[in-house]
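First comes the structure, then the notes that go with it.
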2 protein chains.
Amino acid sequence: MSVTIKDIAKSAGVSYSTVSKALLNSPLVKDDTKRKIVAIAQELGYQPNAAARSLVSKKSNTIGVVWPNVERDVHAALITKINKRLEEHNYTTLMSINNISDAVNTFNRFQVDAILVFDGDGKTDYFSSTVPVVVYGLAKHENPYPVVDVNRKFAIKNAVHYLNRMGHNKITYIGDLPSDPFQVEKVIGFKQALHECQIENHPNSLISVGGMDQYDGYMATKKLLETEKPTAIICGSHDLSKGVLRAVSENNLKVPDDISIISYDNLPHKESEGGNKPISIVGVPLDKITDKLTEILIDLVNKKEVEDSIMLSPELNITNSCKPINIDKKLSL
Amino acid sequence: MSVTIKDIAKSAGVSYSTVSKALLNSPLVKDDTKRKIVAIAQELGYQPNAAARSLVSKKSNTIGVVWPNVERDVHAALITKINKRLEEHNYTTLMSINNISDAVNTFNRFQVDAILVFDGDGKTDYFSSTVPVVVYGLAKHENPYPVVDVNRKFAIKNAVHYLNRMGHNKITYIGDLPSDPFQVEKVIGFKQALHECQIENHPNSLISVGGMDQYDGYMATKKLLETEKPTAIICGSHDLSKGVLRAVSENNLKVPDDISIISYDNLPHKESEGGNKPISIVGVPLDKITDKLTEILIDLVNKKEVEDSIMLSPELNITNSCKPINIDKKLSL
DNA sequence: TTGAAAGCGGTACCAT
DNA sequence: ATGGTACCGCTTTCAA
């Protein structure tokens, strides 16, 4: 059995309520005694029993994160950051990869202070929780918990409008078309924007990839460039864009002189990756997402009111991967 | 506040100890009473308080999994499986992505019944736990906890010997050379096997990749085939091999007629991926790993003795991606 | 078959 | 400044 405050009390020759106070650094205990007690606790390898503590204090200082599909690593970076932010607020993060409803039940039993649910596919079943919950996922939810979402449609629209203002009117979107609702949003945004900009469709307006890997972006672009070269490409994701860049360079095209590229992304591209310069991206920066989520979790714990549904707006982060269309060239088309 | 057994007791008109027994399906309670109590519990949405329960029973029926680097998804499939297996044994899995020592402390406070540590980089710091621990990682550890490891060196050796018996003596290993200890093991195995088989080095015996993605395998193989074609390739990982296959097919080489391929892997390749037939693999099957880990965790919970260090042996899973070298061709070399 | 009561390891209040 | 004690929600004797 592990060490309890009573063991410490015995060893220190004080009552166990004094030990409790000392360990909580209460001003009601003489510094001298405090030091002695802390030393003994250290030596004995004392770890406060979370069960006992949360039983009486009705607080566990723990946040539960539900992440039903670990294999989809889109959320890994998010979770890592949130974990760090919560740590700064003295909260411990516990994760579950069970289905949402089981995971939420587990966290309820463990009396976590709040729960963050990653809704991977936008098709969350109904679940109920006595502990406050926030969902990161699709905003259109029937469930009664606040949702944080990211405006993917608007992001892609932004990209198109930006390119259009620079004179581009032959733009290709490379992404996963018939996939989950998240990808669908991007495609819708693309189509709407084309319409708004009165850009005509060309045969390669939309290129569908087989998967979301770098590799898929590479193959799709290779094929695209065999037939027809757009003046600009918008990529549906970070990974895809890496492959796109590679294929473009293999075709001896220079970015941005021969072709402009914008990628949907939440993480800035690192200089090192693929030896390429960073490329222009549009999306909600990761920090914006994690900060919002952390803020809401803390608010929930403190029983503050939080908004029902929050749609985070994307930012357009332009580097040197886009260029106005040359007027002469444009006229000659 | 959430529902407690006292609420149920009041509503059912019985003592709360009866409720406790009823909910645990004790034979000491009349079936009639039991049914009534269970019904009321249901209706009230009762969730047993894990803190209170584990405080008295000194069991939480929970296993803690420490996974310090979520961003490296090598372990995702493992964790998903283990989670499922433990569920079958009525254990709940809780994960932490903190550093090992903090995570272990958290789980100690929460009184989990056992802890599984994924040692991502083979450089685990010292940590101590009052709760039993098993580590999945490098076998050569100074820490006092049982370790499960996978014999990567032997796996690659197996592959080389197998190919050699089929007449191959110009074999290329494509993998990450100066990387973590796990990759190093494979390279060592390769070199030792070459020596044992008295195969001479050729300039492209070892090809180093920049990363461990499909893409890296593709690029490395492309470059390799520009210069010199081995009769067989051994790939260091699942992802790499996907790229290797692609590059090989682009060079109009047929597997296994023109070139033999074996990949290190724990998961069999799916037929669908890349439209290729499954390729021969060598490694410890995923199920073997998860079964062992689950078994040890359950043993630890039940205070059975477990071995200090377990090295799982790889299996060679041959499909149609390897072929004996044509004798004529071999003689003509 | 049911109820009463002790106690798990802490916190927090009241008394000393 | 320290000690005594009630109590958090539950399991588990023991008595009725």
Side-chain angles (χ1 to χ4, degrees), chain A residues 1-38 40-41 44-62 105-113 130-131, chain B residues 1-38 40-41 44-62 105-113 130-131:
Chain A
M1 210 39 245
S2 38
V3 188
T4 75
I5 46 171
K6 295 189 183 171
D7 299 321
I8 300 176
K10 208 170 292 173
S11 166
V14 295
S15 80
Y16 74 85
S17 59
T18 304
V19 174
S20 171
K21 286 172 209 151
L23 261 20
L24 291 174
N25 199 16
S26 155
L28 298 175
V29 180
K30 218 188 349 179
D31 274 2
D32 234 25
T33 332
K34 219 184 267 183
R35 264 194 294 278
K36 192 169 76 183
I37 291 175
V38 170
I40 295 178
L44 265 41
Y46 170 75
Q47 288 281 356
N49 182 320
R53 184 174 270 182
S54 80
L55 187 56
V56 51
S57 67
K58 282 154 171 355
K59 271 260 306 176
S60 61
N61 268 284
T62 303
N105 279 341
T106 301
F107 286 137
N108 272 278
R109 287 201 305 275
F110 274 87
Q111 308 257 90
V112 300
D113 298 332
T130 60
V131 167
Chain B
M1 208 40 241
S2 38
V3 187
T4 75
I5 47 171
K6 293 188 186 173
D7 300 321
I8 301 176
K10 207 170 293 173
S11 166
V14 295
S15 80
Y16 73 85
S17 60
T18 303
V19 173
S20 171
K21 287 170 204 152
L23 260 21
L24 292 174
N25 199 17
S26 153
L28 298 175
V29 180
K30 221 192 339 184
D31 275 359
D32 236 22
T33 332
K34 219 184 269 185
R35 264 194 296 278
K36 191 170 75 184
I37 290 175
V38 170
I40 295 179
L44 265 42
Y46 170 74
Q47 289 281 356
N49 181 319
R53 184 173 270 182
S54 80
L55 187 56
V56 48
S57 67
K58 280 150 171 0
K59 271 261 305 175
S60 60
N61 268 284
T62 302
N105 279 343
T106 301
F107 286 137
N108 271 278
R109 286 203 304 276
F110 273 89
Q111 306 259 86
V112 300
D113 297 333
T130 60
V131 167

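Letters A, B, ... are given to chains in the order of the sequence lines, protein chains preceding strands, and every chain is numbered from 1. Since we're looking at a predicted model, the values are computed, not measured.
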Near-strand residues of residues 21-33 of chain B, defined as heavy-atom separation under 4.0 angstrom from DNA chain C: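 Heavy-atom contacts with DNA chain C come from B:Lys21, B:Leu28, B:Val29, B:Lys30, B:Thr33.
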
Taking OP1 and OP2 of [N], is either one under 4.0 Å from a side-chain nitrogen or oxygen of [X]?
X: B:Thr18; N: C:dG3; result: yes
X: A:Thr4; N: C:dG9; result: no
X: A:Ser20; N: C:dT11; result: yes
X: B:Lys58; N: C:dG9; result: yes
X: B:Tyr16; N: D:dC8; result: no
X: A:Arg53; N: C:dT11; result: yes

Contact nearer the 5' end of DNA chain C, comparing A:Ile5 with B:Lys34: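 The residue mapped nearer the 5' terminus is B:Lys34.
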
In whole angstrom, give the distance that lies between atom [atom1] of [X] and atom [atom2] of [N].
X: B:Lys59; N: D:dT11; atom1: NZ; atom2: P; answer: 14 Å
X: B:Lys6; N: C:dG3; atom1: NZ; atom2: P; answer: 15 Å
X: B:Leu55; N: D:dC7; atom1: CG; atom2: P; answer: 17 Å
X: B:Arg109; N: C:dG10; atom1: CZ; atom2: C1'; answer: 14 Å
X: A:Phe110; N: D:dC8; atom1: CZ; atom2: P; answer: 22 Å
X: A:Asn49; N: D:dC10; atom1: CG; atom2: P; answer: 16 Å
X: A:Gln111; N: D:dC8; atom1: CD; atom2: P; answer: 13 Å
X: B:Lys10; N: D:dG9; atom1: NZ; atom2: P; answer: 11 Å

CA sep, side-chain torsions, deciding dist, call: A:Thr18, A:Ser15, side-chain hydrogen bond (donor to acceptor under 3.5 Å, both in side chains): CA-CA 5 Å; A:Thr18 304; A:Ser15 80; 3.0 Å; yes

Examine distances only and state if a side-chain atom of [X] and a backbone atom of [Y] form a donor-acceptor pair shorter than 3.5 Å.
X: B:Ser57; Y: B:Arg53; value: yes
X: B:Thr62; Y: B:Val112; value: no
X: B:Thr130; Y: A:Ser2; value: no

A:Ile8 vs A:Tyr46 side-chain heavy atoms within contact, under 4.5 Å: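 In short, these two side chains touch, coming nearer than 4.5 Å.
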
Spatial distance of atom CG (B:Asn61) from atom OG1 (A:Thr106) [nearest 0.5 Å]: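 OG1 of A:Thr106 is found 11.0 Å from CG of B:Asn61.
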
Whether over 12 other heavy atoms sit under 6.0 Å from B:Lys59 NZ: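 More than 12 heavy atoms, drawn from other residues, nucleotides or ligands, come within 6.0 Å of this atom.
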
Polar side-chain contact A:Ser17-D:dG4 base: donor and acceptor under 3.5 Å: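 When only heavy-atom distances are counted, A:Ser17 does reach the base of D:dG4 through a donor-acceptor pair under 3.5 Å.
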
